[in-house]
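Note on naming: letters A, B, ... go to the chains in the order of the sequence lines (proteins, then strands), and numbering restarts at 1 for each one. Note that the structure is a prediction, hence the values are computed from the model and not measured.
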Protein chains: 2
Amino acid sequence: MNLPPLIQTFVLHFGEMGSRWGINRTVGQIYALLYLSDQPLNADQIVESLGFSRSNVAMGLKELASMNLVMLKHKPDDRKDYFDTHEDIWDIVRNLVEARRKREVEPTLSMLRSIILEQPVTDVEKHAQKKMHEMHDLIEMLTRWYKEMQRLETERLVRFLNMGAKIYDFFQFKNKTDHPIETTSESD
Amino acid sequence: MNLPPLIQTFVLHFGEMGSRWGINRTVGQIYALLYLSDQPLNADQIVESLGFSRSNVAMGLKELASMNLVMLKHKPDDRKDYFDTHEDIWDIVRNLVEARRKREVEPTLSMLRSIILEQPVTDVEKHAQKKMHEMHDLIEMLTRWYKEMQRLETERLVRFLNMGAKIYDFFQFKNKTDHPIETTSESD
DNA sequence: CTCTGTTTTCAGTATATACTGAAAATAAAG
DNA sequence: CTTTATTTTCAGTATATACTGAAAACAGAG
């Protein structure tokens, strides 16, 4: 690896963190490199920069593509595949969260859906099923909320996030006065 | 392992998912078992239920304790340590998210903090640093928002999440009319 | 069609992580 | 203090995951 120190630190960090983020070192480093690069890179350039085997890089890129974290691009008169990350960092967040939801949440949700349909026999099972139901409802609630956020375009999402504290006050206010809040025509 | 089928399915699923959630099979299964149990369990009972070695269970419990996902309890005239999960499922979420933030976000944030202080030399480094700055600001923003949510008590948090769609409308409304919204005395 | 540059696959190997059993540490009870 | 119940540590081993190199598949150019 022979990268400018600033870039190297970042790339190595992403490699190390990879395992905590459910991706491996190779994938982490490749993503970091592409994120910092001011132009799309091809697999050979990545091999050159990071020192992994060609096949390992190919697999890493495939995984990143499956998570919609990299985009395939082409240059005129060049048959090589070039890879790039999204321009808008919020698109990165959206794709990242979606990929993790699919991997980490969706399987559990469907397991819960099927299991709460079954008939509990003993009291122990009854209690267990109640807890599972509780978890199921919570995940569904968070998922519903997440899907709504996912639809917000960047500008509104940012504004919404920056409102955080004020929204908190807003609910405090609502709570104290007990007046329903008119936002659109719809009410609670 | 000899558990009621309903419980066994759930426990095994948590074990399998463990690796995707950054915990291992043992930790996943132990947590699942404790979550479903209607009473605190001691290490021997967990060994009995799951078939892991005593030491593996001890390590798993230690890890769960470090993430504040299990609580230590004692019974009268019994020297054994008993473990239990939180009553309120939202407390579980709060502790879970906090544990993951510490592991998965905090180290990156401090790496970024230190790296954006350095002096870039080349144009390539300048561009890279700009991208790092962008990432840093985004993570800080999300963290700030998260900390505010973390402070909300369960009832308000649930109400807030259920508002999701309406808040979206609310911003649409704001956007169209361009009137600042009065919530408390403070304004934008 | 063949040739050439490129990507993908996959069996084998290396590395990292999880797990165990035995021994050490701890802490309550006598 | 010693004894006994319990938890923790840790070196060694097993298992799972990552990584490589060689070969196969693919795709555009002639």
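B:Glu104 has a carboxylate O that lies under 4.0 Å from a charged side-chain N of A:Arg100, or vice versa, which qualifies the two as a salt bridge. Salt bridge absent: B:Arg103 and B:Glu98 never bring a charged side-chain N and a carboxylate O closer than 4.0 Å.
Sequence order on DNA chain D of the closest nucleotides to A:Ile23 and A:Ser55 puts A:Ile23 first from the 5' end. Along DNA chain C, the nucleotide nearest B:Ser53 and the nucleotide nearest A:Arg54 are compared for position; the residue whose nucleotide lies closer to the 5' end is A:Arg54. Each of A:Asp81 and B:Val57 was assigned the nucleotide of DNA chain C with the nearest heavy atom; the assignment lying further toward the 5' end belongs to A:Asp81.
A heavy-atom distance below 4.5 Å is not found between the side chains of A:Asn2 and A:Glu48. You'll find the side chain of B:Met135 stays beyond 4.5 Å of the side chain of B:Lys131, heavy atoms only.
Across all strands shown, B:Asn24 has heavy atoms under 4.0 Å from sugar-phosphate atoms exclusively, and none from any base.
A close approach under 4.0 Å does occur between a side-chain nitrogen or oxygen of A:Arg25 and OP1 or OP2 of D:dC19. Considering only side-chain N and O atoms, B:Lys62 lies under 4.0 angstrom from the phosphate OP1 or OP2 of D:dT9.
Each of D:dG28, D:dC19, D:dT17 was ranked by its minimum atom distance to the side chain of B:Ser19; first place goes to D:dT17. Of the candidates C:dT20, C:dT4, C:dC10, the closest approach to any side-chain atom of B:Met59 belongs to C:dT20.
Rounding to whole angstrom units, CG of residue B:Asp78 and C1' of D:dT4 are separated by 14 Å. Whole-Å rounding puts the A:Asp44 CG to C:dT6 P distance at 7 Å. Atom CG in A:Asn56 sits roughly 19 Å away from atom P in C:dG12 (whole-Å rounding). In this structure, A:Lys80 places its NZ atom 14 Å from C1' of D:dA27, rounding to the nearest Å. As a whole-Å value, the separation of B:Ile46 CD1 from D:dT6 C1' is 14 Å. Between A:Phe52 atom CZ and D:dA18 atom C1' there is a gap of 10 Å when expressed in whole angstrom units. With rounding to whole Å, A:Asp77 atom CG is found 16 Å from C:dG5 atom P. Rounded to a whole Å, the CG atom of B:Leu61 is 13 Å from the P atom of D:dT9.
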Apply salt bridge (charged side-chain N to carboxylate O under 4.0 Å, His left out) to B:Arg144 and B:Glu148, showing your working. CA-CA 6 Å; B:Arg144 211 161 24 217; B:Glu148 284 172 6; over 6 Å; no
